[in-house]
Structures are given as C-alpha cells and as structure tokens.
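Have a look at the structure below before the remarks.
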Amino acid sequence: MDQADMAQGSAEIQKEPVVLEGTWAAIKSVTKGTQFAAVFNMSANESEIGVEKTFEWTEAGNWPELESHFSKLDQDIRWAIVNLPYTTTSGGKRNKVIFITWVPDTLTRPSMRESVRMKFCGVHCGGAMRQKATIDGVAAYQANDLDDLGLWTVLAKAAKFERDGVNKDSLSKLL
C-alpha cells in the first residue's frame, strides 16, 4: 500500500459525530420521568447528533405517536430513549428506560458500501451515546422494521429479566 492509498483510506475514516448539549438534557428528562420519550437524529453532514422531537406524557397514549414518527423514517437512522411504565403480574410497579437504535432494513444509499457505512454508524453512534450518557439500568434495543417497534415486542425485550411477567393490561394507558 503506497502513501496515496493510505491517504485515501484515512480520508474515508470519519470522526464520530458530536452529541449536542440539548441531547443530554433530553435524555435526563426521560430517565427522570418528566417526558415520555425523545428522538435524536444526525445532521445532514453527519457531524452532529441532536434532539429531533420530544414526546410528553399524555392521557390518550404515547406509543402510537412514537410508532407513527418512526414509520416515516425508512431511509434514516434515529435513536430514541423511552420511559415505559408497567405493572408486573404480582402488582409491582416498574418503569423501564429503553434506548432504541432505529436502523431500518429498507435504508439504502447510492452504493452498497455507503448503505453499510450508514447502518454501522447508526449502531456504533447509538452505543457511544448510551455509554457517554452513563445511564444505569437502561435496556438497549435495536429496531430494524416497524414490527420491531410494537409496544409488546419492545417491552418483552426490556423486561426479560422480570421474575414476574408483565401485566398486559397495565400497558393500556400507553396505547
């Protein structure tokens, strides 16, 4: 490999995007329970990650609104942090904070290499955000299509270590 090839290779290595300050505040508000969820996106030049949308607690239910938001993103990666309250079958009340990495299977770019790079970036940056946020007890979840974003599917993954099962009736306020 000559110097020109090495220069080309190093030019292709991109820096990790900077996570904007408001992102950490949104993560904190969800983990403390003051907001239901926050969705994050990457800037067009892939240099920054910031808050795209926040979801407040509502009586009508929050999950359908969150699913609807993701349904419009078949060519974009996103990250979300969600606070899911539920009750166990024995009556215990729980809140599970879930960090979702959205890397749709339908994501395509002009070349296969670029498509793979974007998908890798989605997974890698999501993991880096979770680590830097140093949030204890957050469940990580990767969704690749809308079926992966079903409320029961996400909660089953997040609550898999519950001794008691999840009371499905307790999820009705999210729907």
Side-chain angles (χ1 to χ4, degrees), residues 17 19-20 22-42 49-74 76-107 118-175:
V19 179
L20 300 176
T23 303
W24 304 124
I27 288 171
K28 189 177 250 184
S29 70
V30 172
T31 58
K32 290 187 175 202
T34 55
Q35 287 186 317
F36 168 67
V39 177
F40 312 102
N41 66 346
M42 191 180 313
I49 295 175
V51 178
E52 178 179 59
K53 184 172 182 161
T54 57
F55 296 84
E56 302 294 328
W57 289 102
T58 63
E59 289 299 315
N62 302 91
W63 198 261
E65 185 183 356
L66 185 66
E67 277 184 306
S68 173
H69 183 76
F70 278 99
S71 72
K72 301 169 192 154
L73 303 170
D74 68 338
D76 297 305
I77 54 175
R78 292 291 190 275
W79 304 274
I81 190 159
V82 183
N83 190 327
L84 285 178
Y86 63 94
T87 306
T88 64
T89 53
S90 64
K93 293 186 186 253
R94 307 278 192 275
N95 263 41
K96 194 65 167 176
V97 177
I98 303 167
F99 189 90
I100 299 172
T101 299
W102 172 253
V103 183
D105 288 333
T106 56
L107 185 140
M118 282 303 296
K119 289 179 180 186
F120 175 78
C121 182
V123 173
H124 172 73
C125 291
M129 281 175 60
R130 249 184 324 110
Q131 276 186 328
K132 288 180 183 174
T134 60
I135 312 163
D136 293 330
V138 172
Y141 183 73
Q142 182 174 332
N144 299 97
D145 60 33
L146 291 176
D147 290 339
D148 293 343
L149 284 177
L151 176 59
W152 185 246
T153 305
V154 173
L155 191 56
K157 169 84 173 176
K160 70 180 178 184
F161 296 112
E162 277 294 337
R163 272 182 254 165
D164 301 326
V166 174
N167 181 349
K168 287 186 179 184
D169 294 336
S170 70
L171 302 176
S172 62
K173 75 176 192 176
L174 295 171
L175 300 170

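All values reported here derive from a predicted model rather than from experimental measurement.
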**OP:** Indicate the atoms forming the closest heavy-atom contact of L66 with A37, along with that distance.
**Re:** CD1-CB, 4.4 Å
Subject >> W57 versus G33, closest heavy-atom pair with distance >> reply: NE1-O, 2.9 Å
Subject >> K168: salt bridge (Lys or Arg N to Asp or Glu O under 4.0 Å) partners, not counting sequence neighbours >> reply: none
Subject >> side-chain contact (heavy atoms from CB on, under 4.5 Å) between V82 and N62, worked out >> reply: CA-CA 10 Å; V82 183; N62 302 91; over 6 Å; no
Original post:
For residues 77-91, which residue pairs qualify under salt bridge (charged side-chain N to carboxylate O under 4.0 Å, His left out), counting only residues two or more places apart or in two chains?
Top reply: E52-R78
Original post:
What pairs of residues pass the salt bridge (charged side-chain N to carboxylate O under 4.0 Å, His left out) test when at least one of them lies in residues 79-88, not counting sequence neighbours?
Top reply: none
Subject >> M42 backbone acceptor or donor facing W79 side chain under 3.5 Å >> reply: no
Original post:
Checking W102 side chain against V39 main chain: does a donor-acceptor pair fall under 3.5 Å?
Top reply: no
Any chance you could measure [X], atom [atom1], to [Y], atom [atom2], to the nearest 0.5 Å?
X: T31; Y: I81; atom1: OG1; atom2: CD1; value: 6.0 Å
X: N41; Y: D76; atom1: CG; atom2: CG; value: 8.5 Å
X: T101; Y: Q142; atom1: OG1; atom2: CD; value: 6.0 Å

Subject >> Non-neighbouring partners of A26 that pass side chain to side chain contact (heavy atoms under 4.5 Å, CB included), sequence neighbours left out >> reply: A38, F40, V51
Original post:
Partners of T88 by side chain to side chain contact (heavy atoms under 4.5 Å, CB included), sequence neighbours excluded?
Top reply: Y86, S90, R94, E162, D164
Original post:
Just wondering, do F36 and E65 contact through their side chains at under 4.5 Å, heavy atoms?
Top reply: no
Give the table of side-chain donor-acceptor pairs shorter than 3.5 Å for residues 148-161, with sequence neighbours excluded, one pair per line with atom names and distance.
from: D148; atom 1: OD2; to: N144; atom 2: N; distance (Å): 2.8
from: D148; atom 1: OD2; to: D145; atom 2: N; distance (Å): 3.4

Original post:
Excluding sequence neighbours, so at least two apart, what forms side chain to side chain donor-acceptor pair (under 3.5 Å) with N83?
Top reply: N95
